[in-house]
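Report on the following structure.
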Amino acid sequence: MKRSILLAIGASLLSGTALMAAEPLNFNRISVFPVIRNLPEGADPAKPTVSEIIAANADGTLLVYTDSPGNRVGLVDITDPAAPKAGGAVAVEGEPTSVVVVGNKALVGVNTSKSYTEPSGFLGVVDLTKKTLEKKCELGGQPDSVALSRDKKTVAIAIENERNEEHNEGALPQLPAGFVSLAAVGADGDVDCAAVRRVEVTGLASYAPEDPEPEFVDFNGKDEVVVTLQENNHLVIVDAKEGKVVSHFPAGAVTLENVDTKKDGVISPTDTIENALREPDAVRWLDDDRFVIANEGDYKGGARGFTIFNKNGTVEFESKASFEHEVLRAGHYPDKRNKKGVEPEGIAFGKYGDDNLFFVGSERGSVVGVYKDEGAGKEPTFLQLLPAGGIGPEGLLVIPQRDLFVTANETDLRKDGGQGTTVAIFKRAQAPAVYPTIVSGNDGKGLPIGWGALSGAAADPSVPGRLYVVSDSFYSQGAIYVVDAAQKPARIVEKRVVTKDGKPVANLDLEGIAVRPAGGFWLASEGNPEREKNPTQSQIVRVDDKGEVQEVVELPEELKKQATRYGFEGIAVAGEGDSETLWIAVQREWKDDPKGHVKILAYNPAAKTWGELHYPLDKSEKGWVGLSEITYVGNDNFVVIERDNQVGDAAAIKKLYRFSIAGLKPAAIGAKEIAVVKKTLARDVLPDLKAANGTVLEKVESFAVDKDGVSFIITDNDGVDGSSGETQFINLGKIKLD
């Protein structure tokens with residue numbers, strides 16, 4: 001081989017190596033395990049489940065999570081983390097609150113309280129091989145957090161003896177007081193029940209000192225335990241060897257600027273909260289001198305972020321509103337709960353390679369922020385935001401020896417047709433972060449644009465990658481978002497509020513948008529005529545480029561009589577001038593539709609005439625099937641989203657269908673004979689949704705094809721209300737549509 005060829009090959013290999021080295025290290029979700037798959041024999045699958053706090057064995061191949069409604073701990077085999085398997089469950093004779101693992105034993109805090117005034121519980125020793133509860137160490141109170149020392153020789157338990165929020169409006173004090181327990185752990189994971197020590201933490205906090213409620217505990221490398229007293233807004237350091245308090249100090253307060261506090265249905269981070277008490281929940285040591293707390297708030301405060309403290313009581317870093325802004329940019333801001341914002345609750349810390357990383361979980365936003373600790377006196381670096389993979393991430397777990405990270409998501413909404421409880425697994429590797437799939441930029445004042453509940457989309461006819469997307473009635477203001485889909489993640493670059501006479505329009509339920517050939521937009525508002533208070537009807541709304549209303553088209557009386565709450569779900573434009581026709585997809589059957597057929601309405605703005613076709617729906621074994629979008633793709637062809645209302649494993653119909661109106665004449669409203677379109681499958685998008693390695697989302701609501709023929713679908717996150725808040729903005733590439 002010639003020397004020049006060898007040099008060229010070597011240069012190529014070096015170049016490839018350099019490119020690989022340049023790839024960033026990111027966490028990406030690789031699997032989600034629904035807890036319902038792990039029910040013990042005979043358990044009622046209709047009853048709620050929980051995965052709250054989670055731990056792993058030494059080699060990180062077995063997960064153990066607490067399921068308090070089931071009075072059990074569940075096991076998940078993650079030998080292959082991309083394909084987790086049910087490992088069974090162990091009954092623990094009470095409500096498990098926290099868990100750690102030593103060898104083949106799980107040490108579980110179990111609540112057996114008769115009432116708030118008669119708290120009780122024990123530390124259970126569970127044999128993970130035999131799957132039995134083999135020992136109970138009575139604790140004399142209601143346990144919450146459990147932590148294991150670095151040498152695995154001591155376990156600390158926060159005995160919370162929590163308050164009754166219904167008694168005296170939840171005001172403290174409510175005795176008996178909480179405390180901290182310490183127990184010695186043997187090499188085999190056994191616990192000496194007779195040697196459990198009690199550490200009193202009364203008389204320390206400035207608020208309700210006689211009634212401390214220890215919430216969370218964690219060990220550093222010096223056998224010091226940091227304890228959060230959440231309701232007391234206090235922090236305590238305990239010497240575990242001596243079994244005594246060595247220092248304590250208030251968690252303090254922080255003034256928050258640029259947050260949203262108004263209950264007005266608008267995400268607007270323009271408010272200020274003076275002196276918000278931190279009220280920390282979870283806590284983790286970053287080294288032997290510093291720890292980070294999640295400032296959830298549960299009583300009077302909640303500072304919406306996280307704080308790094310030195311154990312001498314000084315604040316080294318305060319996140320203020322920065323974490324909440326990252327959550328807001330990703331569309332996960334829980335506007336209905338904005339009194340306390342995103343409520344950071346979980347904290348985890350681990351050393352991944354050379355990087356010291358900590359994780360902050362937003363219980364209400366269902367996301368986790370990943371930060372790099374840069375060391376004492378330095379500001380941590382925000383790295384990425386992870387989708388929790390479920391609703392309400394309570395437990396966060398690091399498994400750095402396998403480059404894994406795990407969330408335990410406690411909220412079970414299966415009863416209401418939503419997601420169930422899950423355990424989600426993430427892998428760190430040299431690869432781009434795949435989530436968020438869409439984020440927002442800043443508004444004109446330098447603040448992040450608030451968004452969510454995306455429900456319809458249309459493409460700009462002249463600019464490749466530019467989409468216009470609307471949000472539905474979850475928010476009090478209808479809005480058009482300008483999206484740059486050429487970026488990755490896609491980026492919301494502008495928000496245009498729908499206005500009339502310069503004021504936001506009320507009672508809009510925008511589900512569809514189409515670009516007018518003459519300029520501006522046509523919007524489809526769904527409405528709900530079946531609502532008892534303030535019933536509304538489906539409407540067509542014409543707005544200019546800025547979103548100012550120019551015209552409102554009401555349903556004719558013949559259609560109003562037949563309408564149901566499942567109204568307009570998409571709008572498309574074909575033709576221009578006098579031949580311009582609006583085509584509207586109705587989500588489900590109206591009163592006069594034959595079963596399994598929905599209306600495709602046609603409206604001519606020039607003649608002000610209506611017509612209708614029928615569209616045949618697929619059949620589903622579960623729930624209902626309907627339309628969620630309609631898009632004109634040229635040559636008399638349209639594409640609709642047809643989907644069921646199922647999530648996760650039950651999801652079966654998430655499809656793009658194409659149909660042509662060539663040769664079809666829409667019937668007059670009320671006609672007995674209505675032509676039925678013939679549909680052809682353009683793409684089953686269920687595999688595209690599954691590719692996110694999470695729970696399959698229900699609401700695929702938006703579809704658009706840009707100027708270059710690239711197709712996009714977008715899911716609706718319901719405004720982070722009764723959902724994980726996850727939005728999947730998926731580039732499908734160029735697919736055959738005509």
Side-chain angles (χ1 to χ4, degrees), residues 34 36 45-46 413-420 455-456 511-512 526 528 530 538 562-570 572 583-601 612-631 633 637-661 664 666-667 671-691 695-703 711 713-716 718 728 730 732 735-737:
I36 192 68
L413 296 180
R414 290 177 297 121
K415 182 179 179 181
D416 300 320
Q419 294 186 40
S455 55
E511 295 285 351
E526 181 176 21
N528 184 357
E530 298 176 355
S538 291
Q562 307 301 331
T564 72
R565 58 173 292 196
Y566 298 100
F568 291 178
E569 277 287 319
W583 297 86
I584 304 126
V586 175
Q587 185 172 56
R588 293 181 64 188
E589 301 99 325
W590 281 4
K591 297 172 186 176
D592 60 339
D593 292 324
K595 186 176 181 180
H597 289 72
V598 294
K599 298 181 190 298
I600 302 292
L601 294 173
E612 64 179 307
L613 300 172
H614 268 145
Y615 177 94
L617 296 169
D618 286 357
K619 294 181 180 180
S620 175
E621 294 182 3
K622 292 183 178 181
W624 54 260
V625 179
L627 300 183
S628 282
E629 178 71 285
I630 184 169
T631 304
V633 293
N637 285 296
F638 293 82
V639 171
V640 294
I641 295 175
E642 186 175 342
R643 67 168 180 87
D644 57 22
N645 67 334
Q646 302 298 297
V647 300
D649 294 344
I653 300 173
K654 313 290 182 188
K655 297 178 180 179
L656 298 177
Y657 276 110
R658 172 174 51 86
F659 68 85
S660 174
I661 59 169
L664 296 179
K672 293 183 178 179
E673 297 294 329
I674 299 174
V676 180
V677 303
K678 183 180 179 180
K679 66 183 186 181
T680 303
L681 182 65
R683 187 180 182 110
D684 183 352
V685 298
L686 192 57
D688 299 292
L689 296 171
K690 289 182 177 180
T695 301
V696 174
L697 303 176
E698 174 198 349
K699 295 185 177 181
V700 190
E701 296 238 335
S702 303
F703 173 75
S711 295
I713 57 171
I714 315 170
T715 62
D716 177 357
D718 284 329
Q728 287 294 330
I730 302 175
L732 299 177
I735 59 179
K736 183 175 176 57
L737 298 174

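Residues take their numbers from the sequence shown, with the count starting at 1. Quick note: numbers below take in every heavy atom, side chains included, and nothing from hydrogens, waters or symmetry partners.
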Check whether more than 12 heavy atoms from other residues, nucleotides or ligands sit under 6.0 Å from atom CD of Glu530, and answer yes or no.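 Correct, the count exceeds 12.
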
Are [X] and [Y] side-chain neighbours, meaning at least one heavy-atom pair lies under 4.5 Å?
{"X": "Thr715", "Y": "Leu689", "value": "yes"}
{"X": "Leu697", "Y": "Gln419", "value": "yes"}
{"X": "Leu617", "Y": "Glu642", "value": "yes"}
{"X": "Glu612", "Y": "Val586", "value": "no"}
{"X": "Leu732", "Y": "Leu656", "value": "yes"}
{"X": "Ser660", "Y": "Val677", "value": "no"}
{"X": "Arg565", "Y": "Arg588", "value": "no"}
{"X": "Gln587", "Y": "Trp624", "value": "yes"}

Any idea which heavy atoms bring [X] and [Y] closest together, and the distance?
{"X": "Glu589", "Y": "Gly596", "answer": "OE2-N, 2.8 Å"}
{"X": "Ala651", "Y": "Val696", "answer": "CB-CG1, 3.7 Å"}
{"X": "Ile653", "Y": "Ser620", "answer": "CD1-CB, 4.0 Å"}
{"X": "Gly417", "Y": "Val647", "answer": "O-CG2, 4.1 Å"}

[X] side-chain N/O to [Y] backbone N/O, donor-acceptor pair under 3.5 Å:
{"X": "Ser538", "Y": "Phe568", "value": "yes"}
{"X": "Arg414", "Y": "Pro45", "value": "yes"}
{"X": "Glu526", "Y": "Gly567", "value": "yes"}
{"X": "Glu698", "Y": "Asp644", "value": "no"}
{"X": "Asp716", "Y": "Ser455", "value": "no"}
{"X": "Lys654", "Y": "Asp684", "value": "no"}

Parallel, tilted or perpendicular, as decided by the 30° and 60° cut-offs, for the rings of His614 and His597: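 Geometry flag for His614 against His597: perpendicular rings.
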
For Lys655, which of Val625, Leu681, Leu686 qualifies under side-chain contact (heavy atoms from CB on, under 4.5 Å)? Leu681

Please determine whether side-chain contact (heavy atoms from CB on, under 4.5 Å) holds for the pair Asp688 and Arg683, giving the CA-CA distance in whole Å, both sets of side-chain angles, and the decisive distance to 0.1 Å. CA-CA 10 Å; Asp688 299 292; Arg683 187 180 182 110; 3.0 Å; yes

Lys/Arg N to Asp/Glu carboxylate O, Lys679 vs Asp618, below 4.0 Å: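 The answer is yes: the pair qualifies as a salt bridge.
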
Does the pair Asp718/Lys699 count as a salt bridge with the N-to-O cut at 4.0 Å? yes

Straight-line distance of [X] [atom1] to [Y] [atom2], nearest 0.5 Å:
{"X": "Ile714", "Y": "Ser628", "atom1": "CD1", "atom2": "OG", "value": "12.5 Å"}
{"X": "Asp592", "Y": "Gln562", "atom1": "CG", "atom2": "CD", "value": "3.5 Å"}
{"X": "Asp593", "Y": "Lys599", "atom1": "CG", "atom2": "NZ", "value": "4.0 Å"}
{"X": "Leu737", "Y": "Arg658", "atom1": "CG", "atom2": "CZ", "value": "7.5 Å"}
{"X": "Ile630", "Y": "Ile600", "atom1": "CD1", "atom2": "CD1", "value": "4.5 Å"}

Using the test ring-ring contact (aromatic ring centres under 6.0 Å, His included), find all partners of Phe703 that sit at least two apart in sequence or belong to another chain. none

Show your working on side-chain contact (heavy atoms from CB on, under 4.5 Å) between Glu701 and Ile641 and close with a plain yes or no. CA-CA 7 Å; Glu701 296 238 335; Ile641 295 175; 5.8 Å; no

Evaluate side-chain contact (heavy atoms from CB on, under 4.5 Å) for Val640 paired with Trp583, printing each intermediate quantity in order. CA-CA 11 Å; Val640 294; Trp583 297 86; over 6 Å; no

